[in-house]
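To start, the structure under review is shown below, and the notes come after it.
Each chain gets a letter, A, B and so on, in the order its sequence line appears, and its residues count up from 1.
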Protein chains: 2
Amino acid sequence: MRTQGARGRARTPLRAETVARTALALVDSGGLESLTMRRLAASLEVQLPTLYRLFDNKQALLDEMAETLLAGVLARADLTGDTWEERAAALARALRATLLAQRDGARVVGGTYTAQQATLTLADTMLAILGEAELPPEKALWAATTLFSYVLGEVLEQQGATGGETELLAASVRDGRYPRLAATPWERFVDFDARFDFGIRVLTAGLRAECARRP
Amino acid sequence: MRTQGARGRARTPLRAETVARTALALVDSGGLESLTMRRLAASLEVQLPTLYRLFDNKQALLDEMAETLLAGVLARADLTGDTWEERAAALARALRATLLAQRDGARVVGGTYTAQQATLTLADTMLAILGEAELPPEKALWAATTLFSYVLGEVLEQQGATGGETELLAASVRDGRYPRLAATPWERFVDFDARFDFGIRVLTAGLRAECARRP
DNA sequence: ACCTGAACACCGTTCAAGT
DNA sequence: ACCTGAACACCGTTCAAGT
């Protein structure tokens, strides 16, 4: 409804990135499930088939959305740290912050396998940083994917967790069948920032140890 | 079609786990997108509303599927290693193997936030192993989630990668804008087993370093 | 009490028919 | 050449009407 508002108005040609940005805004307000080609068309005041001239299908749109998201990571990263450990951690933190800033961001990025500019630039930047660690090239590559996989997995869990489910979890644990889980303080489980800092520290320490290994 | 075959036949009441297992088989053969309540009902020779007496909605079914998958991890793990590092690595490997054995396994598990028996048992087992590392309880918890997040992220990427996209990636890199990426041998990028071994070694080495840190 | 058929309110995607 | 309206073949979910 209300597509008349646009009729007759001169409009600049619709760009794929504009569509992707509007789609991300829809996800932000209603979650990934609420993203619909129909709703997206309505939000852009465009007919439904117009979207299919820009994207072959919904998956192609999701790929572009992931690309758009990842394009913001480098701008957010402060890569002025003195050591490669600091700089790698800063890039990982920027990726996490970008994913967290977008509702369902990890699901958007994790559901695609893009080989577009932003993704490759991000990977190349991480490789440049890890190259300073004097790791052989293949290990630097593996180190980069290890860091990215960790960040994605961690944000995926954080964005999937809801207050209600956390309470359910706490209740299940109190029944005594999971003694180790019950022994750990629950506030710490959902302290996602502290968890992430820990994980990054573990990974960078492990990479340092890997550098010391001479093959 | 063909629901007549079941009519009049005495049948045992349908169990939720049976439904979940059949659903996983459907995903195995056609991918997660092909899993439909209608197709699932047909595959079970059951009317569509019957599924809704067992599950409130499709998400509840997916939760049960994740639980069913994770229930197989411990049986697959060889936890007889001498050191906690070996045992933690073995459990992580068993989780990876379980997810890889099921098409779209990482997406099934990553898309849910279950606090059911199998999930909690898995977490508790990992905590028991990490407890031997003399980490304080909260760090042991964080270490467990770090390992699980890493495994999930890694399998998510592996299962998302297809041959065609890998070629596309290789082509993008050859154009010279990503010098670091271009400098690394491509066979190694898709050697997922080697990547995972590397990641697990880095994580366990990092955890060992964390143990040495006295707060 | 249980199960069925049929519907409701949507989807992603495509295409003939118009201008 | 481009855009539109309308359809196609599905979805997840619900419910009145039957037995």
Side-chain angles (χ1 to χ4, degrees), chain A residues 1-16 18-20 22-27 29-66 104 107-108 111-114, chain B residues 1-16 18-20 22-27 29-66 104 107-108 111-113 160:
Chain A
M1 63 196 81
R2 285 294 215 123
T3 53
Q4 297 109 319
R7 197 174 293 169
R9 203 197 293 160
R11 54 195 317 168
T12 63
L14 196 57
R15 283 167 49 233
T18 309
V19 177
T22 308
L24 286 171
L26 280 181
V27 172
S29 69
L32 189 53
E33 282 74 15
S34 78
L35 177 63
T36 279
M37 298 302 269
R38 281 177 162 80
R39 270 203 270 255
L40 180 57
S43 181
L44 288 160
E45 294 188 51
V46 143
Q47 291 313 115
L48 187 48
T50 304
L51 296 180
Y52 286 90
R53 285 189 306 112
L54 287 166
F55 300 101
D56 282 346
N57 45 46
K58 193 179 182 181
Q59 185 55 56
L61 167 66
L62 287 165
D63 290 347
E64 182 72 26
M65 290 165 66
D104 286 332
R107 281 168 71 198
V108 170
T112 71
Y113 187 74
T114 43
Chain B
M1 62 194 81
R2 287 292 215 122
T3 52
Q4 297 108 320
R7 196 173 295 168
R9 204 197 290 160
R11 55 195 316 168
T12 62
L14 196 57
R15 283 165 51 231
T18 309
V19 178
T22 307
L24 286 171
L26 279 182
V27 172
S29 69
L32 189 54
E33 282 73 16
S34 78
L35 177 63
T36 279
M37 298 303 267
R38 281 178 162 81
R39 271 204 269 256
L40 180 57
S43 181
L44 289 160
E45 295 188 49
V46 143
Q47 290 314 114
L48 187 49
T50 304
L51 295 180
Y52 286 89
R53 285 191 305 113
L54 287 167
F55 300 101
D56 282 346
N57 46 46
K58 192 179 182 182
Q59 186 56 55
L61 166 67
L62 287 165
D63 289 348
E64 182 71 26
M65 289 165 66
D104 285 331
R107 280 168 71 198
V108 169
T112 71
Y113 187 76

Those residues of residues 33-41 of chain A lying under 4.0 Å from DNA chain D by at least one heavy atom:
A/Arg38
Spacing between B/Leu62 atom CG and D/dC11 atom C1', to the nearest angstrom
14 Å
Show the nearest heavy-atom pair for residues B/Ala16 and B/Glu64, with the distance to one decimal.
O-CG, 4.2 Å
Starting at CG of A/Leu51 and ending at P of D/dC3, how long is that distance when rounded to a whole Å?
12 Å
Quick one: are A/Leu26 and A/Thr36 in side-chain contact, heavy atoms under 4.5 Å?
no
To the nearest angstrom, the CG-P distance between A/Leu14 and D/dC3 comes to 10 Å
With heavy-atom distances below 4.5 Å as the criterion, would you say the side chains of B/Leu61 and B/Leu40 are in contact?
yes
Toss me the dot-bracket line for DNA chain C: Watson-Crick and G-U wobble, both under 3.5 Å, 5' to 3', using | for pairs to another strand and [ ] for crossers.
||.|||||...|||||.||
Decide yes or no for B/Leu35 and B/Leu62: does some side-chain heavy atom of the first lie under 4.5 Å from some side-chain heavy atom of the second?
yes
Heavy atoms of A/Arg39 and A/Ser34 approach each other most closely as NE-O, 3.0 Å
Between B/Leu14 and B/Leu54, which heavy-atom pair has the shortest distance, and what is it?
O-CD2, 3.6 Å
Whole angstrom value for the distance that separates P of C/dT13 from CG of A/Asn57:
5 Å
I need the CG-P distance between B/Leu54 and C/dC3, as an integer number of Å.
10 Å
Salt-bridge present (A/Glu33, A/Arg107; N to O < 4.0 Å)
yes
Heavy-atom closest pair, residues A/Thr112 and A/Ala66:
OG1-CB, 3.5 Å
Do the side chains of B/Leu48 and B/Met37 get nearer than 4.5 Å, heavy atoms only?
yes
How close or far is atom C1' of D/dT13 from atom CZ of B/Arg53, stated in whole angstroms?
15 Å
Set out, line by line, the N/O atom pairs under 3.5 Å between protein and nucleotides 14-19 of chain C.
none

Is the closest side-chain heavy-atom distance between B/Gln59 and B/Asp63 below 4.5 Å?
yes
Among B/Leu51, B/Thr50, B/Val46, find the residue that satisfies the side-chain contact (heavy atoms from CB on, under 4.5 Å) test when tested with B/Val19.
B/Leu51
Can you measure B/Lys58 atom NZ to D/dC11 atom P for me and round it to whole angstrom units?
9 Å
